[in-house]
Amino acid sequence: MTEVITDYGDLEKQRKAWERLEINLKQTINLSWDKFQNIDSAKIPQSLDLVHILHRDIYEYPYLPVKSTGENKRVKRPSLHLNNGRDTVSIFYGGVNKKAEKTDDGENKEVAVLKVNKSIPRFVNVILDYLFGKLSLHNGFLYDVSTSQFKRLSELDITHEYKLGKRSDFSSSEVVEIIRFINQELSIKPLKTLKTAVIACKDFQMDLHDKKILKDKTIDDAECYFKVFDCSFDDVIKKSILNANYLDMVIEDGDSLHNAQLQPIYQMLVACREITKTRFFVSKSGTRTGKGLRHKVISSIFDTKHVNLDELSNKATAAMAWAGFDGGEMLLVTESGEIGKSLERYLKILATESTYRGRGIGQNYADINLTGVLSIDSNEKVLFSSEMNSRAVNIAFKNRPKGETDSERESIFAPYWEAFTEQGVSETSREATELAGVAALYSSFIYWRQNKYKFNFKQVEMDNFSSEHFDFDDVQIYIIEEHIKGNKTIIKTDEVQKLLKETYYGAGSPKRRKEALDIIGYFETTRKLPTFDGERRTFRVIAIGNPRRASKAVTVFLETMYEPP
């Protein structure tokens with residue numbers, strides 16, 4: 001028995017949907033594809049010719065009307081279903097063949113026979129999703145706008161979601177070029193307005209482009225936002241006050257607090273392409289000082305990718321490891337041990353590049369989206385070259401409070417863990433809530449506004465001396481003691497040369513000596529200095545290269561010297 005559809009409003013909505021798709025499809029097929037500079041351009045209209053839209057109508061669906069014979073051929077099952085978040089249509093992919101059949105009275109009669117193509121070229125799926133409104137083109141990039149929160153599709157995303165394997169007619173980059181060509185010729189109006197820099201919540205929005213907090217603003221079905229979160233303005237305000245108290249408790253100094261307060265809004269502006277990334281963040285202290293909880297809170301509102309530096313340095317896993325960062329908005333390095341100049345090659349790419357080449361399992365190499373902001377959480381030494389150091393935004397945390405317990409319930413951090421996190425169904429540890437993350441972002445936005453929308457990050461010198469594995473060596477002690485006496489340029493006398501050789505010997509001694517001096521803010525160079533006879537001569541010396549670091553080394557040294565037993 002045929003089901004009678006009485007919801008004529010729904011039918012009208014469906015009719016407009018498939019009519020729009022039919023018009024767009026017909027215009028696309030009739031484009032001058034000879035202008036599209038690709039050797040396989042002729043395949044595009046040929047493949048689209050086999051697309052037939054099945055009308056959702058009790059008199060036609062699931063039938064395919066054949067104009068030449070006046071028949072309605074029943075489609076046993078559709079070849080493809082399209083869903084743009086508002087409407088759905090079904091597609092038959094194939095053709096109609098004609099053959100002669102004899103009637104009962106012996107006459108020949110021409111009838112239509114459906115020819116089903118079981119395999120739809122994958123690039124056709126992308127084109128149809130664009131023509132139906134699931135995909136939108138903005139500034140040359142493809143976006144999935146089928147939900148309230150859009151998703152920007154990288155080449156790797158397109159390859160994965162549309163299964164564009166090595167045998168596909170067109171690569172992901174070529175498919176994007178096809179869509180750009182169609183858009184250039186037809187200027188198809190998108191179904192939704194893209195709000196590329198708006199964070200939308202239940203009853204308010206943060207417009208990062210216009211730098212405004214929009215209160216009493218709800219989600220509009222005709223708009224598609226960069227981020228959508230299920231939280232209210234009142235709850236965000238309450239949680240942001242708690243977040244401010246937490247930062248005051250765990251951050252070491254005013255300059256570090258300044259940098260920490262600006263980090264969430266900086267990352268969000270980079271993520272939504274309002275600014276380009278030029279900086280990366282380094283948080284450092286001993287264990288159990290609150291860094292981990294803060295990173296959990298911030299990462300809860302970003303697409304966070306965890307970085308394993310060992311995988312990047314392994315040729316067998318590097319390509320897939322890089323591919324794993326695709327689309328990441330926050331690239332988080334944790335528990336990495338000592339971070340020195342040997343890892344800078346990889347860190348520099350993560351910190352400064354916006355694209356890189358990578359590939360998934362069984363897939364071709366493709367450009368991956370590497371626009372995420374690098375954030376490093378370390379308990380060990382962090383030493384970079386001057387180039388990397390100029391890009392680093394340091395955040396120093398207070399050392400573990402005296403008497404702090406390993407028990408989560410008795411810890412001074414316990415109230416904040418309870419307020420900012422919840423136990424997930426599939427996770428063994430507690431994860432930060434989106435509400436906590438939005439509250440941190442809101443606080444960061446307000447602080448950014450107080451700073452006249454500028455990122456005037458402060459220079460913070462890290463404490464690389466508090467590690468359990470660190471002790472000042474004899475050369476470092478000698479230099480610091482001379483520094484305390486007021487002698488900040490040390491001539492490399494025979495006595496000093498002997499001390500250097502005794503302290504740094506064996507293979508790699510020049511490198512180890514250079515690193516040891518760098519840790520306390522000194523380096524070897526030549527200087528013209530006055531002699532007893534009034535002349536100036538050139539000497540090899542050990543001099544201050546980083547006054548802040550040298551001062552930090554002196555402070556820590558004095559603290560260890562006078563630390564009570």
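One-based numbering along the sequence shown.
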* Take F233 and Y442 through the test ring-ring contact (aromatic ring centres under 6.0 Å, His included) and record every step on the way to the result. => CA-CA 10 Å; F233 187 71; Y442 175 81; 5.8 Å; yes
Does the pair [X]/[Y] count as a salt bridge with the N-to-O cut at 4.0 Å?
X: R549; Y: E461; result: yes
X: K202; Y: D230; result: yes
X: D203; Y: K215; result: no
X: R180; Y: E177; result: yes
X: K212; Y: D207; result: no
X: E161; Y: K151; result: yes
X: E431; Y: K296; result: yes

* To do: May I ask you to check if K195 and Y225 form a cation-pi contact, with NZ or CZ under 6.0 angstrom from the six-membered ring centre and within 45° of the axis?
  =>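 Judged by the rule (NZ or CZ under 6.0 Å from the ring centre, within 45° of its axis), K195 is not positioned above Y225.
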* To do: Test the R122-Y162 pair against the cation-pi criterion, namely NZ or CZ under 6.0 angstrom from the six-membered ring centroid and within 45° of the ring axis.
  =>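 Here R122 fails the 6.0 Å and 45° test against Y162.
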* Parallel, tilted or perpendicular: which fits the ring planes of W322 and Y356, with parallel below 30° and perpendicular above 60°? ->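 W322 vs Y356 ring planes: tilted.
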* To do: Kindly assign one of parallel, tilted or perpendicular to the pair Y246 and Y416, based on the angle between their ring planes and the thresholds 30° and 60°.
  =>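 Y246 and Y416: tilted rings.
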* Can you tell me how far CG of L128 sits from CG of L25, rounded to the nearest 0.5 angstrom? ->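 These two atoms lie 6.5 Å from each other.
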* **Centroid separation Y447 to H258 less than 6.0 Å** =>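 Centroid separation for Y447 and H258: below 6.0 Å.
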* **Y266-F280 aromatic ring centre distance below 6.0 Å** =>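 Not under 6.0 Å, so no.
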* Asked: E12 and R15: salt bridge (Lys or Arg N to Asp or Glu O under 4.0 Å), yes or no, with the steps?
  -> CA-CA 5 Å; E12 178 66 15; R15 182 185 65 79; 2.4 Å; yes
* Asked: Do R294 and Q263 have side-chain atoms, one donor and one acceptor, less than 3.5 Å apart?
  ->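 There is such a pair (donor and acceptor under 3.5 Å, judged by atom type) between the side chains of R294 and Q263.
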* To do: Output, in order, the C-alpha distance, side-chain angles, deciding distance and verdict of salt bridge (Lys or Arg N to Asp or Glu O under 4.0 Å) for E252 and K398.
  => CA-CA 5 Å; E252 172 70 18; K398 294 177 182 176; over 6 Å; no
* Under the criterion side chain to side chain contact (heavy atoms under 4.5 Å, CB included), which of I53, D87, T88, D129 is the partner of L82? ->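 Looking at I53, D87, T88, D129, the match for L82 under the side chain to side chain contact (heavy atoms under 4.5 Å, CB included) is D129.
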* **Donor-acceptor under 3.5 Å (S256 side chain, I395 main chain)** =>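 No, S256 side chain to I395 backbone: no donor-acceptor pair under 3.5 Å.
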* Could you tell me whether a side-chain N or O of D326 sits under 3.5 Å from a main-chain N or O of N369, the two making a donor and an acceptor? =>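 Between the backbone of N369 and the side chain of D326 there is a qualifying donor-acceptor contact (under 3.5 Å).
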* Asked: K227 and side-chain hydrogen bond (donor to acceptor under 3.5 Å, both in side chains): which partner among E434, Q205, E329?
  ->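 So the option named by the test is E329.
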